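Here's the structure, in structure tokens; my notes come after.
Proteins get letters first, then strands, A, B, ... in listed order; numbering begins at 1 in each. These numbers come from a predicted model, not from an experiment.
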2 protein chains.
Amino acid sequence: MGGAAAPRPNKRVTINDVARTAGVSTTAVSKVLNNAYGVSPRMQEKVRAAIAELGYRPHAAARGMRGRTYTIGVLLDNVRNAFFADILDGIREELSSTEYTVLIGAAGFEPDQQSRVIRSMVDRQMDGLILIAPGTPRPEVLATAASTPTVVIGHHDSADTHDSVADADDIGAGLVVDHLVGLGHRDIALVSAPGSKAAQWRRTPEIVLTDGYTEAMRRHGLEQHLQVHHAAYSDEGGFKAGLTLLTAERRPTAIMTGADVAALGIYRAAHELALRIPEDVSLVGYNNTALAALAPVQLTSVDQAGPDMGSAAARMLIERVEGRRDRAQRTTMTPRLVQRASTAAPRGR
Amino acid sequence: MGGAAAPRPNKRVTINDVARTAGVSTTAVSKVLNNAYGVSPRMQEKVRAAIAELGYRPHAAARGMRGRTYTIGVLLDNVRNAFFADILDGIREELSSTEYTVLIGAAGFEPDQQSRVIRSMVDRQMDGLILIAPGTPRPEVLATAASTPTVVIGHHDSADTHDSVADADDIGAGLVVDHLVGLGHRDIALVSAPGSKAAQWRRTPEIVLTDGYTEAMRRHGLEQHLQVHHAAYSDEGGFKAGLTLLTAERRPTAIMTGADVAALGIYRAAHELALRIPEDVSLVGYNNTALAALAPVQLTSVDQAGPDMGSAAARMLIERVEGRRDRAQRTTMTPRLVQRASTAAPRGR
DNA sequence: GGGGTTTTGTGAAACGTTCCCCATAAGCGA
DNA sequence: TCGCTTATGGGGAACGTTTCACAAAACCCC
């Protein structure tokens, strides 16, 4: 048979094999891999050659036992929200040139399930976490952030343990109200997500959005026209909200929502009630997802620059992971109104 | 200060701590954790109590060095395809009651990127992989499957190293053609994805769909009306295809597509050309995603039971991971036509 | 009660990395 | 040439788990 030193056939090639082939120590190989200090060009070359020859790939689990795993975890509730896809694009783009791998946990809407996924990620020694609008209780997120670099996207609560990226939803709401008032509307209803009661976040996007709406309406002297309706950000949630609002005694002439998908549900409700948009009711979405642009919907919406949020989050996270910064940081994006065909002057004007 | 045995403050609690607390060996704890053979009820109880008391959680990376990681990786190209979300729901549902965690890799459309993500998952010692319509060259997938249990969703090529779940796309195409012919159409065009040339898959969903279409048209004696157009399964891809087809000299009276999202692109093109659907052109999607049902689109589509495909894939994968089966298996789903408002008899009839 | 089998438990060796600490070599100023 | 600093490389101990091999105890059937 072959010599004892011959690599066994179906065995994974390890750092030891590389070291043996290159005729150096495993320490040296490790140093090259992590381009650490104290490695001569000649050594570099020898090791790289051996790596290429053997097709060596570092064993992530083994790495996880000591140092980094080069894995970034992204938590989101559901994959259907097109806005999250925009954020993901930004994250991927930012990280595509690095060695890090992005893995996504789709946890569903239940806070328990989300906690479970977050714990899983921590157990897997991920180097950093990006949590998109987590429904998990805030203390839990803070505890996680204390041990693993974390960026929270969406919530406006800031903390000194994690970084944050958020959209100025209050300004966004203001843009919408201004636009609608400019068209002549006064009865402007807001459909927003129900506040996640027990989670102890005080400045969720919904809350900030509602505040912005309230403030803007007040600014225009329309405080007695305030009307806030809570609904899940889904087609079904929007549909129900739409039926309620549009059959109410005092029907709003315009409805603004916190998510495009909910706006589409309202669209469906209007359709069912034989109300035309924008002739009978103006409708505004939020997030400017691909849905909003889709013919024949053509939904006026608010653009949040999802990809930019994603890449900002990724950039901040890597800074933390690599220890280049240790103070919490917060990035706020400025929203922009995208006017399409779902808004017009109210009829009776 | 305190005794040497006191657990250090900021240290992760390990299996050793549990063993010490319970007064047993680490082996015993490990056995309890993996409910292996040879552990008395009394032992069970002691160990579980210690685990609960200390709040112990197994270190996934350490597990990865020896045995399982209890992680299932799902590869998909992009998160925006609502059909994938359906599949994911099925996977999550099937696995929710188990100890496994599902992590998603969104790799983009580039085969290189997809390969990279697959390798990452293997490096991370994932217990099993579900690949949704991978664009990676087939030999690479086979090589991966040889070492890690793998289920391929979508492609009809079967192999003895991996399990497969697919939809009978040929039958689906037949259903659509039958439906359209029944309404009186003869000029029925198909918009399908361009074949991924170099990847060496011979029976991708596109190919099977096209075959089914061709066969069905032939069955109705319409071979000279065959018209296949290739376009990316995206809004933009559909839009371009729509412009081309609908401005052609011999305009089809019906267009069927391989994906709802492409159908919506065609819808947009029709809109732009001032053609009404279904009055001027009938339109059929595929996959019956949430998009198809969205008002005011109401797209006739083909339901593929995405959640069922996902749960079947997950079930098969776990069987393999846990070694309960070692022969490759293949599950084929039967599609169902969902008739909505986008199809009608052609005008000139 | 003697031989067997089965059950229950343990010690210790992996698994593939990283990184602390040390040894040696090389460079350099006097 | 001496003593010092700096650059380069290696030995070997972790990291937290699983599992192999084995020992001890318990049971069982004549």
Enter the inter-axis angle for the ends of the helix from C:dG1-D:dC30 to C:dA30-D:dT1 (five pairs per end, rounded to 10°).
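Taking five pairs per end, the axes differ by 30°.
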Quick check: closest heavy atoms across A:T71 and A:Y100, and the distance to 0.1 Å?
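That would be N-CD2, 4.2 Å.
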From the options B:I118, B:T136, B:I153, B:T144, select the one residue that forms a side chain to side chain contact (heavy atoms under 4.5 Å, CB included) with B:L131.
B:I118
Going through the checks in order, is the salt bridge (Lys or Arg N to Asp or Glu O under 4.0 Å) test met by B:R202 and B:D157?
CA-CA 6 Å; B:R202 308 182 51 107; B:D157 304 56; 5.7 Å; no
Integer-rounded Å distance: [N] [atom2] and [X] [atom1]:
{"X": "A:E45", "N": "D:dT8", "atom1": "CD", "atom2": "C1'", "answer": "17 Å"}
{"X": "A:D123", "N": "D:dC15", "atom1": "CG", "atom2": "C1'", "answer": "15 Å"}
{"X": "A:Y37", "N": "D:dT6", "atom1": "OH", "atom2": "C1'", "answer": "6 Å"}
{"X": "A:I15", "N": "D:dC15", "atom1": "CD1", "atom2": "P", "answer": "19 Å"}
{"X": "B:R68", "N": "D:dT19", "atom1": "CZ", "atom2": "P", "answer": "9 Å"}
{"X": "A:K31", "N": "C:dC20", "atom1": "NZ", "atom2": "P", "answer": "11 Å"}
{"X": "B:N35", "N": "C:dT7", "atom1": "CG", "atom2": "C1'", "answer": "17 Å"}
{"X": "A:Q125", "N": "C:dT18", "atom1": "CD", "atom2": "C1'", "answer": "13 Å"}

If you only use heavy atoms from C-beta on, which nucleotide in [options] is closest to the side chain of [X]?
{"X": "B:V39", "options": "C:dG9, D:dT18, D:dG10", "value": "C:dG9"}
{"X": "B:M65", "options": "C:dC20, C:dA12, C:dC15", "value": "C:dC15"}
{"X": "A:R66", "options": "D:dA14, D:dG10, C:dG11", "value": "D:dA14"}
{"X": "B:S25", "options": "C:dT10, C:dT18, D:dG10", "value": "C:dT10"}
{"X": "B:N34", "options": "D:dT18, C:dT10, C:dG16", "value": "D:dT18"}
{"X": "B:H59", "options": "D:dG10, D:dT17, C:dT18", "value": "D:dT17"}

Carboxylate-amine/guanidinium contact B:E99 B:R63, below 4.0 Å:
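Yes, this pair counts.
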By nearest-nucleotide position on DNA chain C, the 5'-leaning member of A:T26 and B:M43 is B:M43
CD-CD distance between B:Q200 and B:E140, expressed to the nearest 0.5 angstrom:
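Here the rounded value is 10.0 Å.
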Given the rule in the salt bridge (Lys or Arg N to Asp or Glu O under 4.0 Å) test, do A:R315 and A:D163 qualify, once you have shown the distances and angles that lead to the verdict?
CA-CA 11 Å; A:R315 204 173 326 113; A:D163 298 332; over 6 Å; no
Min side-chain heavy-atom separation B:V117-A:T101 under 4.5 Å
no
Give a yes/no on whether any side-chain N or O of [X] is located under 4.0 angstrom from OP1 or OP2 of [N].
{"X": "A:R63", "N": "C:dT18", "value": "yes"}
{"X": "B:T14", "N": "D:dG16", "value": "no"}
{"X": "B:N16", "N": "D:dG16", "value": "no"}

How would you label the contact of B:S40 with the nucleic acid (heavy atoms, under 4.0 Å): base, sugar-phosphate, or nothing?
sugar-phosphate
Tell me if the CD atom of A:E93 is crowded by more than 12 foreign heavy atoms within 6.0 Å.
no
Taking atom types as they are modelled, is there a donor-acceptor pair under 3.5 Å from the base of C:dC19 to the side chain of A:T27?
yes
